[in-house]
Amino acid sequence: SIQTSCDFLHAIFGEQPPGAVVLFAIPGERSFWCTRGEPRAIQRALTISIPSHNVYFGVSLQNRAAADVLWREANPGAKGEPTTRGYSNSAMAFPGFWVDIDIQSPAHASLNLAPTKEDARRLIERFPLPPSLLWDTGYGLQAMWLFRELWVFDSDTERDEAKIMVKRFLASLNVPASEYGWKIDPTTDFARVLRLPGTYNRKLTTPLPVTLLLNHPETRYNLSDFTPHLVEMIAPRPVIASVKTSAAITRDLHRATEALHFLPADSYDDWIRMGMALHAADPGAEGFGVWASWSQICPAKFDADVTQY
């Protein structure tokens, strides 16, 4: 219901979020930018979308002006208003860590997924800290671990630090998943969207409700609570700055991250080719982070020193 969705977003982002809450609806790939200056914007967007669309929410609060600039850089010569749900580099803040676990089903062709929702839930419960929110997406589970306060980025450097922490969190969940031969969606960028409770999953013919299983927004954490439970990420070697625009790099890394969802990391040839491709896309910290995070889904073969080299 609309009220369920509104209550959920309010629990995550608060009454007066410092940036825009972005809702995304398909088919049509329509983005709704909801700011604190428009208190009924979320309700209007949901009234339009819920009856006939898949509805998602952005995991970060976005800076609309910055996102528009990045969109125009990525789409030179395009006419009209930007059509974007935001970028990782236009994120202003985020409320906590998240995970998206698909299960084997007619909606997902991949076989290296958790067989059932019960298996997916047991995997989430392997992490030492319980999630604040857990919901059934129809063909999988999604969850969030909320911070005590929004992590607001005061600089690009702080945003980059947050990106690394998000990658470490997902890599930490992928370690137990790999023990069973499963893989978790690499949903680590701040432009990521998740399904919104209170809506419907319309991926297949019969719509399935997106429903909350755990609703404990009062369960919140300091960043330091997570640190002992996160795998380490290896810092990249110094590189020559890329001549690509930030929007082009973001676009290329987003495409690469999506592709890695379907590729295991246990073949050395595939592993080295992917590393070279990611280095070509972005020789900096973010490109290396994508490669290192993906590499760790095969802990039996992952070697931090070799990856760094």
**Rounded distance (nearest 0.5 Å) linking atom CG of L214 with atom OG of S132** = 9.5 Å

**Asked** Taking a hydrophobic cluster as the set of Ile, Leu, Val, Met, Phe, Trp and Tyr residues connected by side-chain heavy atoms closer than 4.5 Å, whether directly or through intermediates, do L173 and L134 fall within one such cluster?
**Response** yes

**Prompt:** Which residues pass the side-chain contact (heavy atoms from CB on, under 4.5 Å) test with A177, sequence neighbours left out?
**Reply:** L123, N174, W182, I184

**Asked** Is there a side-chain contact between I50 and L196 (heavy atoms, below 4.5 Å)?
**Response** no

**Message:** For a 4.5 angstrom cut-off between non-hydrogen side-chain atoms, does V55 reach I26?
**Reply:** no

**Item:** Residues I124, I101; criterion side chain to side chain contact (heavy atoms under 4.5 Å, CB included); working and verdict
**Value:** CA-CA 9 Å; I124 290 172; I101 304 180; 3.6 Å; yes

**Request:** Search all heavy atoms of L212 against all heavy atoms of P197 and return the closest pair with its distance.
**Result:** CG-CB, 4.0 Å

**Check: K203 side chain, A107 main-chain N or O, donor-acceptor pair, under 3.5 Å** = yes

**Message:** Are the side chains of V22 and C34 in contact, using a 4.5 Å heavy-atom criterion?
**Reply:** no

**Complete:** Residues T47 and P51: closest non-hydrogen pair is O-CD, 3.5 Å

**Prompt:** Which residues pass the side-chain hydrogen bond (donor to acceptor under 3.5 Å, both in side chains) test with T188, sequence neighbours left out?
**Reply:** none

**Message:** Side chains of S1 and T4: any donor to acceptor distance under 3.5 Å?
**Reply:** yes

**Asked** With sequence neighbours left out, what residues match L129 under side-chain contact (heavy atoms from CB on, under 4.5 Å)?
**Response** F127, W145, Y221, D225, F226, H229

**Prompt:** Donor-acceptor pair, S49 side chain versus L46 backbone, under 3.5 Å?
**Reply:** no

**Asked** So do the side chains of T219 and L146 get within less than 4.5 Å of each other, counting heavy atoms only?
**Response** no

**Request:** Report whether L133 and L150 are members of the same hydrophobic cluster (ILVMFWY, side-chain heavy atoms less than 4.5 Å apart, transitive linking).
**Result:** yes

**Message:** For E118, give me all partners under side-chain hydrogen bond (donor to acceptor under 3.5 Å, both in side chains), at least two apart in sequence or on another chain.
**Reply:** T116

**Request:** Tell me, please, which residues at least two apart from D160 pass side-chain contact (heavy atoms from CB on, under 4.5 Å).
**Result:** K163

**Message:** Tell me every residue that passes salt bridge (Lys or Arg N to Asp or Glu O under 4.0 Å) with E125, counting only those two or more places apart in sequence or in another chain.
**Reply:** R121

**Prompt:** Is there side-chain contact between R30 and I48, with heavy atoms separated by less than 4.5 Å?
**Reply:** yes

**Close aromatic pair by centroid cut-off 6.0 Å: F57 and F8** = yes

**Message:** If the threshold is 4.0 Å, N to carboxylate O, is there a salt bridge linking D68 and R64?
**Reply:** yes

**Prompt:** Any idea which heavy atoms bring L113 and S110 closest together, and the distance?
**Reply:** CD1-O, 3.6 Å

**Prompt:** Which word best sums up how the rings of F147 and F97 line up, parallel for under 30°, tilted for 30 to 60°, or perpendicular for over 60°?
**Reply:** perpendicular

**Request:** Answer with yes or no whether the hydrophobic clustering places L194 together with V99; edges join I, L, V, M, F, W, Y residues whose side-chain heavy atoms lie under 4.5 Å apart.
**Result:** yes

**Item:** Under 3.5 Å: donor-acceptor pair, side chain of R168, backbone of V231
**Value:** yes

**Message:** Measuring only between side-chain heavy atoms, which start at C-beta, is T83 closer than 4.5 Å to E29?
**Reply:** no

**Asked** When you measure from the side chain of D189 to the backbone N and O of A191, does any donor-acceptor pair fall under 3.5 Å?
**Response** yes

**Asked** Do the side chain of N63 and the main chain of A65 share a donor and acceptor less than 3.5 angstrom apart?
**Response** yes

**Asked** Which atom pair, heavy atoms only, marks the closest approach of E81 to R72?
**Response** CA-NH2, 4.3 Å

**Request:** Determine, stepwise, if the pair V59 / V193 fulfils side chain to side chain contact (heavy atoms under 4.5 Å, CB included).
**Result:** CA-CA 6 Å; V59 298; V193 292; over 6 Å; no

**Message:** Checking H216 now: which residues fulfil side-chain hydrogen bond (donor to acceptor under 3.5 Å, both in side chains) with it, not counting sequence neighbours?
**Reply:** E218

**Qualifying residues under salt bridge (Lys or Arg N to Asp or Glu O under 4.0 Å), relative to R122, sequence neighbours excluded** = D119

**Message:** With a 4.5 Å cut-off on side-chain heavy-atom distances among I, L, V, M, F, W and Y, is there a chain of contacts connecting W33 to V21?
**Reply:** no

**Asked** Any chance the side chains of Q62 and S60 put a donor and an acceptor closer than 3.5 Å?
**Response** yes

**Request:** Output all residues satisfying side-chain contact (heavy atoms from CB on, under 4.5 Å) with A162, sequence neighbours left out; order by chain, then residue number.
**Result:** F94, W151, F153, F190

**Fill in**
Sorted by chain and residue number, the salt bridge (Lys or Arg N to Asp or Glu O under 4.0 Å) partners of D7 (sequence neighbours excluded) come out as none

When the side chains of residues 136-144 are checked against the rest of the protein, which donor-acceptor pairs come out under 3.5 Å, sequence neighbours left out?
| residue | atom | partner | partner atom | Å |
| --- | --- | --- | --- | --- |
| D136 | OD1 | K117 | NZ | 3.1 |
| D136 | OD1 | G138 | N | 2.7 |
| D136 | OD2 | K117 | NZ | 2.9 |
| T137 | OG1 | G140 | N | 3.2 |
| T137 | OG1 | G140 | O | 3.1 |
| Q142 | OE1 | W135 | NE1 | 3.0 |
| Q142 | OE1 | R195 | N | 3.0 |
| Q142 | NE2 | D100 | OD1 | 3.2 |
| Q142 | NE2 | D100 | OD2 | 3.4 |

**Request:** Tell me whether F32 is reachable from Y56 by hopping between hydrophobic residues (I, L, V, M, F, W, Y) whose side-chain heavy atoms are closer than 4.5 Å.
**Result:** no

**Message:** Take a 6.0 Å sphere around OH of Y200 and say whether it holds more than 12 heavy atoms from other residues, nucleotides or ligands.
**Reply:** no

**Prompt:** Is the backbone of I103 close enough, under 3.5 Å, to the side chain of H108 for a donor and an acceptor to pair up by distance?
**Reply:** yes

**Prompt:** Which atom pair, heavy atoms only, marks the closest approach of P18 to M92?
**Reply:** O-CE, 3.3 Å

**Item:** Heavy-atom pair with the smallest gap, counting every atom of L170 and T187
**Value:** CD2-N, 3.7 Å

**Request:** Find out whether T84 and L70 are in side-chain contact, i.e. whether some heavy atom of one side chain is under 4.5 Å from a heavy atom of the other.
**Result:** no

**Prompt:** If you measure from CD on E161 to CD on E158, what distance do you get to the nearest 0.5 Å?
**Reply:** 6.5 Å

**Item:** Under 3.5 Å donor-acceptor, R159 side chain and A91 backbone
**Value:** yes

**Prompt:** How many angstroms lie between atom OG of S172 and atom CG of L230, to the nearest 0.5 angstrom?
**Reply:** 4.5 Å

**Prompt:** Partners of D154 by salt bridge (Lys or Arg N to Asp or Glu O under 4.0 Å), sequence neighbours excluded?
**Reply:** none

